[in-house]
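Report on the following structure.
Keep in mind that the numbers below use all heavy atoms, side chains included, and drop hydrogens, waters and symmetry copies. Just so it is clear: chains get the letters A, B, ... in the order the sequence lines come, proteins before strands, and each one is counted from 1. These numbers were taken from a predicted model, which means no experiment stands behind them.
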Amino acid sequence: MKIATWNVNSMRARADRVEAWMQKADVDVLAIQETKCKDENFPWEVFEHNGYDVAHFGFNQWNGVAIASRVGLKGVERTFADQPAFGKAGKEPVQEARAIAATCGDVRIWSLYVPNGRAREDEHMSYKLTWLNQLREHAESWITEDPQAQIVLAGDWNIAPQDSDVWDIDFFEKNQMTHVTAEERTAFNGFLDAGYADVVRPYTADPGIYTYWDYTNLRFPKREGMRIDFLLGSPAVAQRVQSAYVDKDERRGKGASDHTPVVAELS
DNA sequence: ATGGTGGTGGAACCA
C-alpha cells in the first residue's frame with residue numbers, strides 16, 4: 001500500500017500535474033493540502049477518471065485539504081475534535097479547513113495543513129502551537145487506547161524539526177525566521193514522544209533532501225529548501241514501511257507546486 | 001541581469 005502526502009498549492013492550477021503524478025507514482029492514497037477551493041470548484045473528475053474516491057474539505061481560497069484513495073474511503077471526518085479556531089480581532093473565530101481524515105484500506109489517514117506561524121511573535125504562531133498541541137493530545141490517545149492502531153498523520157507541518165532540514169540554519173536564526181524555533185520543534189517532537197515515527201526520514205537521510213522550496217529568491221535552483229512535509233506513522237504502521245522517497249522531480253519545470261510529494265510504501 | 005514567485009480574485013493577502 002503506497003501512501004503519499006503533497007501540498008499542491010491549488011488543486012485547480014495543479015490538476016494536470018496531480019493527475020500525471022498519480023499515474024506515474026501509482027499511489028493508493030494521496031493526502032492533499034492547500035486545495036485552495038470550495039467543493040464546487042474541486043476537480044473531482046481528476047480522481048474519478050483514475051479510479052480514486054476522494055473526499056475534500058474547503059470553504060474558500062484559503063487552506064483546503066483532501067484525501068484520494070483507491071483502496072476505500074470510509075469514516076470521513078472534517079476537523080479534529082476541539083480543533084482550535086482562528087479569528088482576527090473583532091471577527092468570529094472559525095475552525096479552518098486544515099484537517100480531514102478517512103480510513104483507507106486498514107489505515108486511518110489524516111491530511112493535515114498545519115497553520116503557518118508567519119513570524120515568531122505573531123498571533124498566528126501561538127495559534128499554530130495550540131493547534132498542534134490539541135492534535136497531539138488526540139493522536140496520543142488514539143494509540144494509548146489501541147496500541148495496534150494503524151494511523152498516518154500526513155501533511156505540511158510547517159516545521160523543520162532538525163537543523164539539517166533547512167539549507168542554512170544560521171540564516172534562519174539570524175533573520176529570526178519561523179519553522180525552526182524551539183517551541184515549534186517541541187510541538188513536533190510531541191508526536192514522536194507519543195509514539196509516532198517519521199517513516200520517510202530513514203530512507204531519505206542524506207543532507208539536502210527537502211520537500212519545499214520557496215518560489216521567491218531562486219530557492220530551488222540554489223538548492224535552498226526545507227524539509228517540512230512528513231508522514232508520521234503509528235507504531236503499527238511504522239513496522240510495515242518498506243521504502244520511502246521524496247519526489248524532487250515534481251518541483252521542476254513550469255507549473256510546479258512549491259512542495260514535492262512525499263511517499264511511503266507499506267507492506 | 002545587482003534582479004529573480006505564484007495562486008486567488010479582481011485589491012490585497014497568503015505563503
dG4(B) glycosidic conformation (syn if within 90° of 0, otherwise anti) is syn
Review point. For atom C1', what is the distance between dG9(B) and dC13(B), given to the nearest Å?
Key: 11 Å
Between Asp229(A) and Thr211(A): side-chain donor-acceptor atoms closer than 3.5 Å = yes
Test side-chain contact (heavy atoms from CB on, under 4.5 Å), reference Arg98(A), set Tyr113(A), Trp62(A), Phe86(A), Phe57(A), output is Tyr113(A)
Aromatic ring proximity Phe220(A)/Tyr215(A), centre distance under 6.0 Å: no
Nucleotide by nucleotide, nucleotides 7-15 of chain B touches protein heavy atoms under 4.0 Å in the pattern (B base, S sugar-phosphate only, - none) BSS---BSS
Residue pairs passing the salt bridge (charged side-chain N to carboxylate O under 4.0 Å, His left out) test with at least one member in residues 12-27 of chain A, sequence neighbours excluded, are Arg17(A)-Glu250(A), Lys24(A)-Asp247(A), Asp26(A)-Arg70(A)
Grouping ILVMFWY residues whenever side-chain heavy atoms fall under 4.5 Å, the cluster of Met125(A) otherwise contains Leu129(A)
Given the P atoms of dT8(B) and dG4(B), what is the spacing between them in whole Å?
22 Å
For the P atoms, the ones on dG7(B) and on dG3(B), what distance do you get once it is rounded to whole angstrom?
25 Å
- Task: Verify the distance criterion only: is there a donor paired with an acceptor across the side chains of Glu96(A) and Tyr127(A) at less than 3.5 Å?
- Result: yes
Students should find that the hydrophobic cluster of Val27(A), defined by side-chain heavy atoms under 4.5 Å apart, otherwise consists of Trp6(A), Val8(A), Met11(A), Val18(A), Trp21(A), Met22(A), Leu30(A), Ile32(A), Phe42(A), Trp44(A), Val46(A), Phe47(A), Tyr52(A), Val54(A), Tyr245(A), Val263(A)
Counting only Watson-Crick and G-U wobble pairs with both atom distances below 3.5 Å, the stems of 3 or more consecutive pairs that include DNA chain B are B:5-8 with B:12-15
Contacts of Asp39(A) meeting side-chain hydrogen bond (donor to acceptor under 3.5 Å, both in side chains) (sequence neighbours excluded), chain-then-number -> His56(A)
If we take the C1' atom in both dG6(B) and dT2(B), what is their distance in whole Å?
23 Å
